[in-house]
Amino acid sequence: MITEISVKTNSKNALVDITEKIREAVRKSGIKNGICHLYAPHTTAAITINENYDPSVGVDIVGEMNKLIPMNGHYQHQEGNAAAHIKSAIIGSSRSVFIENGNLVLGTWQGIFFCEFDGPRRRKVLMKIVTED
Ligand code: ZN
C-alpha cells in the first residue's frame with residue numbers, strides 16, 4: 001500500500017520539515033518494525049535528511065544551492081525552471097528510514113525535509129512501508 005502525504009510549500013525554494021507528518025503516518029500504519037520508503041513524485045523537488053534542530057541549516061542549504069545553480073544560467077530547458085530540475089537531480093527523489101518499535105530511527109539532530117525548488121505549490125510525498133512484523 002502506498003500512502004500519500006500532502007505538503008504545501010510557501011515559497012520558490014524551501015526545505016520543509018516533514019518529520020512529524022511522516023512520524024504520524026507511520027504511527028497510523030500500525031507497523032512496528034520495517035523500512036519506510038519516502039518518494040517525491042516531482043521533477044523539481046526532492047527529499048533529504050539533515051539537521052532540523054536549528055532551522056538556519058535548511059536556510060543555508062537553500063542559499064548555497066541557489067549560488068551553485070543560479071536561476072538564470074544558460075540552460076537548454078526553456079520552461080524557466082531548469083535550476084529547479086538540477087537541484088532535484090542532485091539531492092534526489094527518495095530516502096529510506098528504518099522503523100523500530102513504531103518510531104522512525106533518526107539521529108538526535110536529524111529530520112526529514114521536503115525540498116521545494118519550484119514553489120509555492122501543493123506537493124506530495126509517497127510513503128511505502130516494508131514491514132518485518
Ligand atoms: Zn521544467
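Along the sequence shown, residues are numbered consecutively beginning with 1. Each ligand, and each atom within it, is numbered from 1 in the order the structure gives.
- Counting heavy atoms from C-beta on, the side chains of F113 and N50 come closer than 4.5 Å.
- Nearest N/O/S atom of H77 with respect to the Zn ion (ligand 1) is recorded as NE2.
- The Zn ion (ligand 1) does not have T43 among its coordinating residues (no N/O/S atom, backbone or side chain, under 2.8 Å).
- To the nearest 10 degrees, the Zn ion (ligand 1) sees OD1 of N81 and NE2 of H85 at an angle of 100°.
- Atom NZ of K124 has 12 or fewer neighbouring heavy atoms from other residues, nucleotides or ligands inside a 6.0 Å radius.
- Ion pairing of K67 with E64 is present here, as a side-chain N (NZ or NE/NH1/NH2) and a carboxylate O approach within less than 4.0 Å.
- In E79, the N, O or S atom that comes nearest to the Zn ion (ligand 1) is OE1.
- For the atom pair OG1 of T108 and CD of E51, the computed distance is 10.5 Å after rounding to the nearest 0.5 Å.
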